[in-house]
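Working notes for the structure below.
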Amino acid sequence: MKLARESQLPLHPDVQSFLAQPQKLLIGGDWRPSASGQTFVTINPATGETLAQISKGTAQDVDLAVQAARQAFECGPWSKTLPVEREAGLNKLADLILKHSEALAQLETLEMGMPISSSRVINGEASANLVRYFAGWPTKIHGEMPSPSIADRLLYLRREPIGVFGLIIPWNYPLLITVQKLAGALACGNTCVLKPASVSCLTALYLGKLVQEAGIPAGAVNIVTGPGGDVGRALSLHPGVDKISLTGSTEVGKDIISASTSNVKQTIMELGGKAPQLVFEDCDIDRAVDGLVLGGLVNNGQDCMAGCRIYVHEKIASRVVEKLIARFQDQVVGDGMRPDTQLGPVVSETRMNAILDYIESGRREGARLVLGGNRIDGELGPGYFIEPTIFADCTDQMTIVREEIFGPVVSLLTFKDEDEAIARANDTVYGLAAGVWTNNLGRAHRVAGRLQAGTIWVNCYMELDNSMGFGGYRQSGFGRELGDDQILNYTQTKGVYIATV
Ligand code: NAP
Ligand code: MG
């Protein structure tokens with residue numbers, strides 16, 4: 001492990017002025033304090049210092065936001081926008097994201113620790129491209145005309161928006177996941193109430209200003225910050241919300257599903273994961289190790305797709321472990337605001353302690369710690385930094401192999417043959433993603449077909465294309481976002497029967 005040495009970036013002037021203001025809620029086009037007048041703070045995880053004051057929304061604020069969204073959907077200006085106008089609004093928003101990408105990148109780095117080299121890409125081009133992807137849809141959404149078997153009838157299916165969406169966001173890719181849901185909802189003609197994760201509100205609030213500047217009418221997008229147990233729960237219970245899209249943990253997903261029975265709300269659940277990576281004896285080892293480093297450490301392992309359960313064929317296991325240790329040791333750790341940082345802090349003190357508890361359980365349950373395993377002290381001591389960590393000789397029942405750690409920790413296991421590897425990889429409550437490393441074409445397709453997960457990568461890892469539906473099997477959730485799937489999930493059909501005689 002090396003320490004980042006390049007100097008800390010100066011704060012962008014827009015970031016300075018944004019952080020100087022108390023952050024309010026966006027309801028019906030107005031920025032206002034929460035009904036209770038209370039606030040909470042977000043913390044810079046690289047230093048442990050307070051970063052910003054955020055309004056602590058309540059159920060009453062959620063109610064006002066849902067009313068504003070309902071009004072905009074049913075009779076406000078949003079209900080009257082033409083598809084070409086929605087397209088233009090979203091393209092304008094994408095332009096503004098690019099224009100403000102440095103501020104959006106710095107805010108995310110400051111608030112959740114992502115290295116600036118990553119947040120510049122994710123909060124710049126990647127977020128803008130995602131909005132543009134959805135900007136392309138409004139003019140292409142169409143219904144169908146089935147061939148009737150009833151005489152003298154004309155039948156058609158209209159594809160319509162669903163109404164008011166509650167969009168509940170996690171902290172690990174705060175802006176990217178926000179724009180994925182928000183642009184998808186708007187493209188289909190819905191309105192929304194957005195609830196950012198409490199440790200990472202700033203980019204969503206900044207985006208709210210860009211939504212206004214893009215000319216997207218008041219009420220189409222509302223933002224209520226505040227604790228999940230209050231704001232998120234109120235959204236899930238609210239009779240005026242038609243559909244909830246959550247990206248978050250399986251535990252919170254279960255709560256939302258229970259609450260959504262209040263008005264038989266639809267839900268989309270993008271939940272946790274514990275992705276296996278299968279490294280076969282016939283793979284290109286260096287290429288596989290590149291993928292293992294990416295899958296284990298991208299965003300500090302705080303990724304639902306983290307490929308942290310690594311099954312390696314026993315013939316190549318010692319070579320893979322050796323190379324992986326060298327690559328993990330090479331990581332440059334530091335404050336995300338230093339341009340050379342590759343691994344920043346984890347998001348919060350709570351998460352840091354949870355990850356350290358998992359590491360302790362690995363030691364206790366007999367896994368062999370071959371690298372890392374500690375909080376980093378010294379000059380990084382005030383922040384929430386954890387050494388990149390590798391456990392070898394793990395077994396399937398260990399807690400670190402079964403549960404989502406969400407930190408820079410990978411577990412290595414060995415296998416003897418393909419059937420065994422597939423069965424063990426599938427032995428999990430999750431099913432979000434999986435990786436396969438092999439140079440055998442038949443095996444690549446065979447294994448991809450047999451792994452139980454919503455996304456499979458072969459000889460690559462952690463790539464998402466906006467045109468590919470993404471989501472989970474089993475307790476990794478249901479419903480798909482991105483691609484045509486998201487358009488289908490964010491609209492509904494209505495059958496119309498016309499008597500022609
Ligand atoms: P989380 O704790 O489940 O929180 C997600 C969101 O739900 C936050 O906005 C949270 O608000 C809110 N929330 C909390 N309790 C709630 C309740 N009772 N009712 C309604 N909303 C509630 O997840 P996280 O820690 O932010 O993110 C990490 C998790 O997300 C991991 O499990 C990860 O695998 C998953 N994830 C999945 C995907 C995917 O696409 N499948 C992508 C990224 C992350 P507060 O912040 O105020 O608590
Ligand atoms: Mg924070």
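Counting begins at 1 with the first residue of the sequence. All ligand and atom numbering here is 1-based and tracks the order in the structure. As the structure is a computational prediction, the values presented were derived from the model and not from experiment.
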**Asked** Quick check: does Trp171 get an N/O under 3.5 Å from an N/O on ligand 1?
**Response** yes
**Asked** Judging by distance only, is a nitrogen or oxygen of Ser249 under 3.5 angstrom from one on ligand 1?
**Response** yes
**Request:** Run the contact test for Phe470 against ligand 1 with a 4.0 Å cut-off on heavy atoms, strictly below, and give the result.
**Result:** yes
**Asked** Would one find an N or O of Ile169, backbone or side chain, under 3.5 Å from an N or O of ligand 1?
**Response** yes
**Message:** Tell me which one of Lys181, Glu481, Lys243 satisfies side chain to side chain donor-acceptor pair (under 3.5 Å) with Tyr490.
**Reply:** Glu481
**Request:** Answer yes or no for Ser476: is there a heavy-atom contact with ligand 1 below 4.0 Å?
**Result:** no
**Message:** For the 3.5 Å polar cut-off, considering only N or O atoms, please tell me whether Glu270 and ligand 1 meet it.
**Reply:** yes
**Request:** Report, in ascending order of atom number, the atoms of ligand 1 lying under 4.0 Å from any heavy atom of Gly272.
**Result:** 32 (O), 34 (O)
**Asked** Quick one: does Thr247 get an N or O within less than 3.5 Å of an N or O on ligand 1?
**Response** no
**Asked** Within the side chain of Ser34, is there an N or O that forms a donor-acceptor pair under 3.5 Å with the backbone of Gly37?
**Response** yes
**Request:** Report the part of Glu251 (side chain from C-beta onward, or backbone N, CA, C, O) that has a heavy atom under 4.0 Å from ligand 1; answer both or neither where that applies.
**Result:** neither
**Asked** Does Asn123 use its side chain to pair, donor to acceptor, with the backbone of Leu104 at less than 3.5 Å?
**Response** yes
**Request:** Check whether any protein heavy atom sits under 4.0 Å from atom 4 (O) of ligand 1.
**Result:** no
**Message:** Check this for me, if you would: do Glu102 and Arg120 make a salt bridge, where the nitrogen-to-carboxylate-oxygen distance has to be below 4.0 angstrom?
**Reply:** yes
**Message:** With respect to Val199, determine whether any N or O atom, backbone or side chain, lies less than 3.5 Å from an N or O atom of ligand 1.
**Reply:** no
**Message:** Classify the ring geometry of Trp137 against Tyr133: parallel below 30°, tilted from 30° to 60°, perpendicular beyond 60°.
**Reply:** perpendicular
**Check: Val241 main-chain N/O paired with Asn263 side-chain donor or acceptor under 3.5 Å** = yes
**Message:** Out of Val231, Leu246, Asp255, who is nearest to atom 18 (N) of ligand 1 when you count heavy atoms only?
**Reply:** Asp255
**Request:** Please identify which atoms of ligand 1 are closer than 4.0 Å to at least one heavy atom of Gly232.
**Result:** 19 (N), 20 (C), 21 (N)
**Prompt:** Has Pro227 got any heavy atom lying under 4.0 angstrom from an atom of ligand 1?
**Reply:** yes
**Request:** Would you mind telling me if ligand 1 is within reach of the side chain of Pro196, the backbone, both or neither, using heavy atoms under 4.0 Å?
**Result:** backbone
**Partner residues of Gln397 under the side chain to side chain contact (heavy atoms under 4.5 Å, CB included) criterion, sequence neighbours left out** = Arg402, Asp427
**Prompt:** Taking N or O atoms only and a 3.5 Å limit, does Gly228 qualify as a polar contact for ligand 1?
**Reply:** yes
**Asked** Which atoms of ligand 1 are found less than 4.0 Å from any heavy atom of Glu404?
**Response** 31 (C), 32 (O), 33 (C), 34 (O)
**Protein heavy atom at shortest distance from atom 11 (O) of ligand 1** = Lys195 NZ, 3.0 Å
**Message:** With a heavy-atom distance limit of 4.0 Å, tell me whether Leu432 approaches ligand 1 through its side chain, its backbone, both, or neither.
**Reply:** side chain
**Asked** Just distances here: any N/O of Ser198 and N/O of ligand 1 closer than 3.5 Å?
**Response** yes
**Asked** Should Gly471 be listed as contacting ligand 1, given a heavy-atom distance under 4.0 Å as the test?
**Response** no
**Fill in**
Note: Cys304, heavy atoms under 4.0 Å from ligand 1, region reported as both
**Asked** Parallel under 30°, tilted from 30 to 60°, perpendicular over 60°: which one fits the rings of Phe406 and Trp171?
**Response** perpendicular
